[in-house]
Amino acid sequence: LHNTILELKGNIRVFCRVRPLLSDDTVNAAGKVISFPTSTEAQGRGIDLTQNGQKLSFTFDKVFMPEASQEDVFVEISQLVQSALDGYKVCIFAYGQTGSGKTHTMVGKPDSDNQKGLIPRSLEQVFETKQSLQNQGWSYKMQVSMLEIYNETIRDLLSPSNSSGFDASRPENGGKQYAIKHDANGNTHVSDLTIVDVHCYSQVSKLFGLAAESRSVGKTHMNQQSSRSHFVFTLRISGVNENTEQQVQGVLNLIDLAGSERLSKSGSTGDRLKETQAINKSLSSLSDVIFALAKKEEHVPFRNSKLTYLLQPCLGGNSKTLMFVNVSPDPSSVGESLCSLRFAARVNAC
Ligand code: ADP
Ligand code: MG
């Protein structure tokens, strides 16, 4: 039933999540810029943003208010995670400016029952379901990879050499190119990328630790902030049923995108400017791809960025995409929030 609903609606859905106000936010009594409509038809789906006294209304497939817990959010995507076990290619993105709650939504605190985000929860569910499907004759092979894309360069977050400060993604440091190739079956291969077979959640949990360490090494060695790179978590699932000989190949991609904020081009120079250009390029490539797919255009510009090329088989055709647009309620972010909501509204119309 779930799959039929998705097919009726198109392959892409948009959920909006507004984070709570934090103590650093610049609120004052008059400063409330985000509100939620209470009419029955817009409840849970509408969001209003007030800028310069003007109220703008947006509607999405779902809107999570600041009080929504990590569990509340996961409940709404658990079917999508399930469809990866059924053999679908799934992408879940978090889009929004830095500080809007993308990493909280996707990763959260993996070791905290309440605060863990979608990635740890999805993996827990996948392993639980795998267990119960074994009784119906299914056996699954699961493989995990984690990478980040920074300035159009892939970094392998599970490469042991990365966590010790050695940057394997630089050709002069081992010559790893991380070349992306797609085979005729729609499977993606990234040369030299570490792919780990996983059998239980605790194994994956250790990998999160390794990836986090590797990301923080990248931060200091390459003068890079995690908010400036895309984080791509991939779970490949292949299942075979010994009774029916049925086979499935599913992929679950969970992506924490680089911050979408528009840095003033005139103000940024050198490395910062290069970063900004790379982020703008890949985020606009992602939207170009989404819009081209929605319009069923003959040419879909997958090759315009590493991110879209990497995800090509998981974005078109028989795949399912969900985009979270994360929004800050901070009045000083109202301009960026409006940009994010407008972008998300265009995606939602696909
Ligand atoms: P981003 O990844 O978009 O830059 P973060 O996920 O790091 O943003 O969130 C910024 C800050 O807000 C962090 O301190 C995070 O813990 C907090 N935060 C974000 N979303 C929530 C939420 N739903 N509930 C509580 N705290 C949140
Ligand atoms: Mg983040």
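Just so you know, ligand 1 is whichever comes first in the structure, and atom 1 is the first atom listed for that ligand. We're numbering straight along the sequence, starting at 1.
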N326 side chain to R19 main-chain N or O, any donor-acceptor pair under 3.5 Å? no
Side chains of Y150 and E275, donor plus acceptor under 3.5 Å: yes
Side chain to side chain donor-acceptor pair (under 3.5 Å) between S69 and D72, worked out: CA-CA 5 Å; S69 68; D72 294 338; 3.2 Å; yes
When D256 is tested against each of E148, M106, H230 for side-chain contact (heavy atoms from CB on, under 4.5 Å), which residue passes? M106
Review item, side-chain donor-acceptor pairs of residues 198-212, under 3.5 Å, at least two apart:
| from | atom 1 | to | atom 2 | distance (Å) |
| --- | --- | --- | --- | --- |
| Q203 | OE1 | H199 | N | 2.5 |
| Q203 | OE1 | C200 | N | 3.3 |

Test ring pair (Phe, Tyr, Trp, His ring centres under 6.0 Å) applied to F58 - qualifying residues, sequence neighbours left out: none
Quick one: does any side-chain atom of R45 pair with a main-chain N or O of K62 as donor and acceptor, under 3.5 Å? no
I'd like to know if the side chain of N151 and the backbone of T153 have a donor-acceptor N/O pair within less than 3.5 Å. no
Sum up the protein N, O or S atoms located under 2.8 Å from the Mg ion (ligand 2). 1
Ionic contact status for R228 with E261, cut-off 4.0 Å: yes
Enumerate the protein residues lying less than 4.0 Å from ligand 1, judged by heavy-atom distances, in chain and residue-number order. R17, R19, P20, L22, Q97, T98, G99, S100, G101, K102, T103, H104
